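Given the structure is predicted, the values throughout are model-derived calculations rather than measurements.
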Amino acid sequence: MLRLASKRLLGLTSREIPSRPVQILPRLYHEKVIDHYNNPRNVGSFDKNDPNVGTGLVGAPACGDVMKLQIKIDEESGKIVDACFKTFGCGSAIASSSVATEWVKGKSMDEVLTIKNTEIAKHLSLPPVKLHCSMLAEDAIKAAVKDVELKRAKLKGNSSADAANAPIEKAADA
C-alpha cells in the first residue's frame with residue numbers, strides 16, 4: 001500500500017486507480033483559547049499561608065484537569081488586587097484559568113461570585129465538550145473566595161480569643 005501510494009505520488013503508476021477522498025476534520029480551538037494557551041496571563045502562585053490570599057483547588061476526575069486559582073485581597077478595600085493560577089490540563093482549561101484571573105482583578109469578592117462559567121465559555125467560544133473547563137474556573141473562584149473568608153474568620157476569632165486570654169496571662173505573671 002505504501003509502495004503504491006509513493007508511486008502514485010511520484011506519477012510512476014501506469015494504470016489509474018480510483019481513490020476515495022479522505023476528509024480529515026481537524027479539531028480547532030478558537031483564537032482566544034490559543035492566545036491564552038500560548039500566552040497565559042498570571043501564571044504563578046502566592047503564599048497560601050498569607051491571610052489575604054485565598055486558594056481554590058479544583059479538579060475534574062473525568063478528564064484529569066486540575067486547577068489552582070489564587071486571589072490576593074486588599075485588607076482595606078476588600079478588592080482583589082492580584083490573581084494567579086497553575087493548571088494541569090488541556091488548552092481550554094488553561095485558557096479558562098487565564099481568563100478567570102484577568103476578570104477577578106479589581107473586583108470585590110461579592111462581584112467575582114457572579115462570574116459564571118457560561119460567560120467564560122462564551123468569551124472563549126468553547127465547544128460543549130469543553131464546558132467543564134469553564135465550570136472548573138467558576139468553581140476555583142468560589143473556592144478561593146471561601147478560603148480567604150475562612151482565613152479572615154479564623155483571624156477574627158483568634159484575635160478576640162487572644163484578647164480574652166491576655167489579662168489571664170498578665171495575672172499569672174504577677
Side-chain angles (χ1 to χ4, degrees), residues 9 21-159:
L9 186 66
V22 177
Q23 184 178 12
I24 299 174
L25 298 174
R27 183 175 282 179
L28 300 175
Y29 284 109
H30 190 271
E31 62 189 39
K32 288 181 182 177
V33 173
I34 293 170
D35 178 41
H36 279 275
Y37 177 77
N38 288 331
N39 307 299
R41 282 65 150 181
N42 310 306
V43 175
S45 61
F46 301 130
D47 178 12
K48 65 180 180 185
N49 297 319
D50 183 342
N52 294 315
V53 170
T55 303
L57 183 63
V58 295
C63 67
D65 291 344
V66 178
M67 186 179 294
K68 180 177 88 169
L69 187 138
Q70 293 181 299
I71 55 174
K72 188 177 280 190
I73 311 294
D74 179 49
E75 283 186 55
E76 292 153 17
S77 69
K79 293 198 180 232
I80 297 170
V81 292
D82 205 359
C84 62
F85 78 94
K86 283 189 178 179
T87 296
F88 176 79
C90 65
S92 297
I94 292 168
S96 295
S97 306
S98 180
V99 166
T101 59
E102 284 191 318
W103 286 6
V104 299
K105 286 183 182 180
K107 294 183 177 170
S108 71
M109 289 192 284
D110 290 334
E111 286 176 309
V112 298
L113 292 175
T114 64
I115 295 173
K116 299 295 175 206
N117 71 296
T118 51
E119 296 167 333
I120 296 170
K122 185 176 180 182
H123 177 75
L124 292 171
S125 300
L126 295 178
V129 73
K130 293 294 183 178
L131 289 181
H132 67 279
C133 298
S134 61
M135 289 179 206
L136 281 178
E138 179 185 344
D139 292 345
I141 292 168
K142 289 177 181 177
V145 168
K146 185 176 182 179
D147 182 52
V148 80
E149 286 174 343
L150 286 173
K151 284 181 181 178
R152 288 183 163 192
K154 277 185 181 179
L155 279 178
K156 287 180 182 175
N158 287 344
S159 62

Any chance you could lay out the side chain to side chain contact (heavy atoms under 4.5 Å, CB included) test for Met109 and Val148, step after step, and finish with the verdict? CA-CA 10 Å; Met109 289 192 284; Val148 80; 3.2 Å; yes

Start with the C-alpha distance between Val104 and Ile115, add both sets of side-chain angles, then the distance that settles side chain to side chain contact (heavy atoms under 4.5 Å, CB included), and finish with yes or no. CA-CA 9 Å; Val104 299; Ile115 295 173; 4.0 Å; yes

Take Lys68 and Ser45, measure what side chain to side chain contact (heavy atoms under 4.5 Å, CB included) needs, and give me the verdict at the end. CA-CA 9 Å; Lys68 180 177 88 169; Ser45 61; 3.5 Å; yes

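Using a distance-only test at 3.5 Å, with no hydrogens or angles considered, a donor-acceptor pair links the side chain of Asp147 to the main chain of Thr55. Using modelled atom types, no side-chain atom of Glu102 and backbone atom of Val99 make a donor-acceptor pair closer than 3.5 Å. With hydrogens and angles disregarded, no donor-acceptor distance shorter than 3.5 Å links the side chain of Glu138 to the backbone of Met135. Judged purely by atom type and a 3.5 angstrom limit, Ser77 uses its side chain to pair as donor or acceptor with the backbone of Lys79.
Under the rule for a side chain to side chain contact (heavy atoms under 4.5 Å, CB included), the partners of Lys146 that lie at least two apart in sequence or sit in another chain are Leu150.
A donor and an acceptor atom, one from each side chain of Asn52 and Glu75, are located under 3.5 Å apart.
Put simply, CD1 on Ile94 and CG on Asn38 are 10.0 Å apart, with the number rounded to the nearest 0.5 Å. The distance from the NZ atom of Lys107 to the CG atom of Leu113 is 11.5 Å, given to the nearest 0.5 Å. Interatomic distance, Ile120 CD1 to Ser97 OG, rounded to the nearest 0.5 Å: 8.5 Å. In this structure, Ile73 CD1 and Ser108 OG are separated by 9.0 Å, a value rounded to the nearest 0.5 Å. How far CG of Leu131 is from CG of Leu126: 6.5 Å, rounded to the nearest 0.5 Å. Note that the CG atom of Asp82 and the NZ atom of Lys105 stand 5.0 Å from one another [nearest 0.5 Å].
Sorted by first and then second residue, the ring pair (Phe, Tyr, Trp, His ring centres under 6.0 Å) pairs with a member in residues 38-57 form an empty list; sequence neighbours excluded. Legend: ring pair (Phe, Tyr, Trp, His ring centres under 6.0 Å) pairs involving residues 91-118, not counting sequence neighbours, sorted by first then second residue: Trp103-His123.
Shown here for Leu124 and His30, the closest heavy-atom pair between the two residues is O-CB, 3.4 Å. Between Asp65 and Cys90, the shortest heavy-atom contact is OD1-N, 3.4 Å. Ala93 and Met67 get closest at one heavy-atom pair: O-CE, 3.6 Å. Across every non-hydrogen atom of Val58 and Ala140, the tightest pair is CG2-CB, 3.8 Å. Heavy-atom minimum distance, Pro51 versus Arg152: O-CG, 4.3 Å. Contact between Ser98 and Thr101 at its shortest, heavy atoms only, is O-OG1, 2.8 Å.
Counting non-hydrogen atoms of neighbouring residues, nucleotides and ligands closer than 6.0 angstrom, the NZ atom of Lys122 reaches no more than 12 such neighbours.
Ion pairing between Arg41 and Asp35 holds under the 4.0 Å rule for side-chain N and carboxylate O.
Within the 4.5 Å cutoff, no side-chain heavy atoms of Val66 are placed close to those of Thr87. Contact check for Lys86 versus Gln70: no side-chain heavy atoms found under the 4.5 Å cut-off.
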